[in-house]
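Before any comments, here is the structure.
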Number of protein chains: 2
Amino acid sequence: MSRYAIYVVSDSTGETAWRTTGSALLQFPDQRWNVRRFADVRDRKTLEGILDLIAADGATALVVYTFADTRLREYMAARLTEQGIRGIDLIGPVIEQLRDAAGRKPAGVTGAQYRQDAQYGTRMRAIEYAVKHDDGAGLATIGQADVILIGPSRTGKTPLSMLLANHGYRVANLPFIPGQPLIEMLDGADDALVVGLMIDADELVRYREERIRSGKGVPGASRYAEPAVVAEELAQARAFFVERGWLVVDVSGRAIEEIAIEIIGHLDPESTHVGGL
Amino acid sequence: MSRYAIYVVSDSTGETAWRTTGSALLQFPDQRWNVRRFADVRDRKTLEGILDLIAADGATALVVYTFADTRLREYMAARLTEQGIRGIDLIGPVIEQLRDAAGRKPAGVTGAQYRQDAQYGTRMRAIEYAVKHDDGAGLATIGQADVILIGPSRTGKTPLSMLLANHGYRVANLPFIPGQPLIEMLDGADDALVVGLMIDADELVRYREERIRSGKGVPGASRYAEPAVVAEELAQARAFFVERGWLVVDVSGRAIEEIAIEIIGHLDPESTHVGGL
């Protein structure tokens, strides 16, 4: 099967174009693509070098680009047209529409140049916080959490914590362990949104069996993945969450990004929070 | 100052549109925007409800949307035109160009539906691995790492580890502590790319002073942020990294995404790896 060449080019990190391209590629699961990313392209000379590479692929190449610098963006568009190469200016149309809406000039600085901004620091600190408060660790400072996730083993607490932290929220996660009340641990965390994670019993059994097969060890006993034990544990967890009036979020069969959005919706219903670059 | 309404609408998580919009908004640092995200919009009825909300903002609204479903995408475009509302179809043009390049029909499934794919599992496991191998923890299983980051305190090892993990790489990070050789810890990690993190001394002094002010405690001594001590520590770190032939990456004044790309470039020079949705 032929492989088509896709070039992601940016004067910043190219993360936005990379992700958008990734989403579009998901629509073609049976096709292989060669995706190459060029970040920090900030002058015409560098850009010309990349255009030479692209020209070698010619008509089979697709270029997806984001330039904060208007002149570089226009130069790229002109050169691609000249050479008859498919190109998509991903961020230009959005910036232009925003300019028209607000009647303001865009700053023309790249995302990377915003490194020192407040949002950047918030995100870095939130990630550090989430790592230090994984799986019941760091209880002494749980009072600083924006979100506390509680759920049985293998409900995906850790990845969900990191994803929420990447959005700037301080997240702690705790295991739900049957018969071991957790409520004492939550003293002083009154300001946090506490979320109880629930999951379909069959799905949880599968994840736990996978965990056992991985040979990495499991919490507690030999009955960790037994359907009857899992069902009973889930029933206890749900009753525990409901009794305390906590938000219950079902993670069954859902993408982690979807779950994160549901939780962010509760934290920040009129969300003006804008994610990373 | 007026706030302009921006609607991000998707039949999947909307993460791609959210991030792209965020990047574009960075070009207007002095303007406030109301950004609202609607995820999982999969039928016309739900879409019409959102269009009613948008219509109330009228000409000041901007709608950025991504639909894997072609019919929903075309319906959205038609309705926005009809109502005279600014709209940007972010992913449609990319999908169409890919279709033309490959001569294949897009699958029309949303990103969320790919949850169970291999890449998803890889990413989840990588995040769990990185959390368990933060700051010198989990040395017994460091042999499974794809990347080992080593750097002095406050060079940003933890957030960088999580970002690389989100791309599916297993990352461990270890502190560089002067006078305490780390090389023994790295036995059995011969397959990993070892990266020594370096930073400008003045920048590191600032980060350490900030850490001291935060009152969270610092490793070691009272001289943690003293310029002469910091400069000496950095000199020792560089010598240590160079002596072992490790890749040295300078993080000074750079966005974390940029640093991650540099490291991914070494892991996977002809990168066909496509990030999360």
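All values below come from the heavy atoms of this structure, side chains included, with hydrogens, waters and symmetry mates left out. Each chain gets a letter, A, B and so on, in the order its sequence line appears, and its residues count up from 1.
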Q | Side chain / backbone / both / neither for A/E262 at chain B, heavy atoms under 4.5 Å | A | neither
Q. Do A/L62 and B/D100 pass the side chain to side chain contact (heavy atoms under 4.5 Å, CB included) test, and can you show the C-alpha distance, the side-chain angles, and the key distance before you say yes or no?
A. CA-CA 10 Å; A/L62 172 63; B/D100 293 351; over 6 Å; no
Q. Any idea which heavy atoms bring A/G87 and B/Q97 closest together, and the distance?
A. O-NE2, 4.3 Å
Q) Out of A/T158, A/V94, A/I261, A/I127, which one racks up the most heavy-atom pairs below 4.5 Å with chain B? A) A/I261
Q | B/Q27 to A/G108 - nearest heavy-atom pair and separation | A | OE1-N, 2.6 Å
Q) Any side-chain heavy atom of A/W33 sitting closer than 4.5 Å to one from B/L98? A) yes
Q: Using non-hydrogen atoms and a 4.5 Å limit, figure out which bit of A/A102 sits close to chain B: side chain, backbone, both or neither.
A: both
Q | Interatomic spacing from CD in B/E96 to CZ in A/R86 - rounded to 0.5 Å | A | 12.0 Å
Q: Kindly give the heavy-atom pair with the smallest separation between A/S23 and B/T16, and that separation in Å.
A: OG-OG1, 2.8 Å
Q | Contacting moiety of B/A39, where chain A heavy atoms sit under 4.5 Å | A | side chain
Q | Heavy-atom pair count under 4.5 Å with chain A, highest-scoring of B/I6, B/I95, B/T66, B/L90 | A | B/I95
(Q) Under the criterion side chain to side chain contact (heavy atoms under 4.5 Å, CB included), I'd like the reasoning laid out for A/M124 against B/Y207: C-alpha separation, chi angles, the key distance, then a yes or no. (A) CA-CA 12 Å; A/M124 296 303 100; B/Y207 291 154; over 6 Å; no
Q.
On a heavy-atom basis, which atom in A/R104 and which in B/F28 lie closest, and how many Å separate them?
A. O-CE2, 3.5 Å
**Q.** Side chain proximity check, B/R19 to A/T20, heavy atoms < 4.5 angstrom
**A.** no
**Q.** Point-to-point distance, once rounded to the nearest 0.5 Å, from CD1 of B/I259 to OG1 of A/T13
**A.** 11.0 Å
Q | Contact origin within A/K132 toward chain B - heavy atom pairs under 4.5 Å | A | side chain
